[in-house]
Amino acid sequence: MSEALDGVPAALPMPPPRDAAVVVLFRRVASGAEVFWIERERRLSFAGGFFAFPGGKTDKADGEDEGGFIVSAARELFEETGVLKASGSERLSQADLDELRKALLEETLTFSALLSSRSLTLNADEFIPAG
């Protein structure tokens, strides 16, 4: 820790860390890889207008083990981008995906219930832990 400087207020205490998951979505192309990220809403109090990878804090409903981070990553990816990485999602129309995303965002449907309602399964192998 560095010493205090005259006239400079003391640093605020750090908040406790929260579990969170982030998705780095990419695809291979001839020149290497393309990486997908989003611009955060400017009105957000934290990092509004900045570019970031989709993700956010884990919910208790996501689970509390390593699998919970995968569920959280998949849920956040769908909430923030509309990309649903689940086996069976390819048979859903864009209208179906929009309806499910709206229900998830309005909290009228949990992510688990969303998956069950359409017989979808998360494929954990598609989510590779990176740190």
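- Summarising the geometry, atom CG belonging to Leu115 is positioned 7.5 Å from atom OG belonging to Ser117; distances are rounded to the nearest 0.5 Å.
- Leu120 is listed as a side-chain neighbour of Leu92, based on a closest heavy-atom distance under 4.5 Å.
- Residue pairs meeting the side chain to side chain donor-acceptor pair (under 3.5 Å) criterion with at least one partner in residues 89-108, sequence neighbours excluded, are Ser93-Asp96, Gln94-Asp98.
- Residues Ile38 and Pro54 approach most closely at CD1-CA, 4.2 Å, considering heavy atoms.
- Between Ala21 and Thr58 the shortest heavy-atom distance is N-CG2, 4.5 Å.
- Annotation for Ala113 and Thr110: closest pair N-OG1, 3.0 Å, computed over non-hydrogen atoms.
- Contact of the Arg75 side chain with the Asp59 side chain is registered, since non-hydrogen atoms from C-beta on lie closer than 4.5 Å.
- Grouping the Ile, Leu, Val, Met, Phe, Trp and Tyr side chains by contacts below 4.5 angstrom, directly or via other members, places Leu109 with Leu97.
- Under the ring-ring contact (aromatic ring centres under 6.0 Å, His included) criterion, no residue pair touches residues 64-118, with sequence neighbours excluded.
- How far CZ of Arg40 is from OG of Ser45: 8.0 Å, rounded to the nearest 0.5 Å.
- Pairs engaging residues 11-32 under the salt bridge (Lys or Arg N to Asp or Glu O under 4.0 Å) rule: Arg27-Glu34 [sequence neighbours left out].
- When hydrophobic clusters are built by joining Ile, Leu, Val, Met, Phe, Trp and Tyr residues whose side-chain heavy atoms come closer than 4.5 Å, directly or via intermediates, Leu100 is not grouped with Val83.
- Between the side chain of Glu80 and the main chain of Gly55, a donor-acceptor pair closer than 3.5 Å is present.
- Under the 4.5 Å side-chain heavy-atom criterion for grouping Ile, Leu, Val, Met, Phe, Trp and Tyr, Leu122 is connected to Leu104 within one hydrophobic cluster.
- With sequence neighbours left out, the side-chain contact (heavy atoms from CB on, under 4.5 Å) criterion links Ile128 to no other residue.
- The salt bridge (Lys or Arg N to Asp or Glu O under 4.0 Å) contacts involving residues 120-131 comprise Lys85-Glu126, where partners must be two or more places apart or lie in separate chains.
- The list of ring-ring contact (aromatic ring centres under 6.0 Å, His included) pairs with a residue in residues 3-62, not counting sequence neighbours, reads Trp37-Phe51.
- A chain of hydrophobic side-chain contacts below 4.5 Å, direct or via other Ile, Leu, Val, Met, Phe, Trp or Tyr residues, connects Val35 to Val22.
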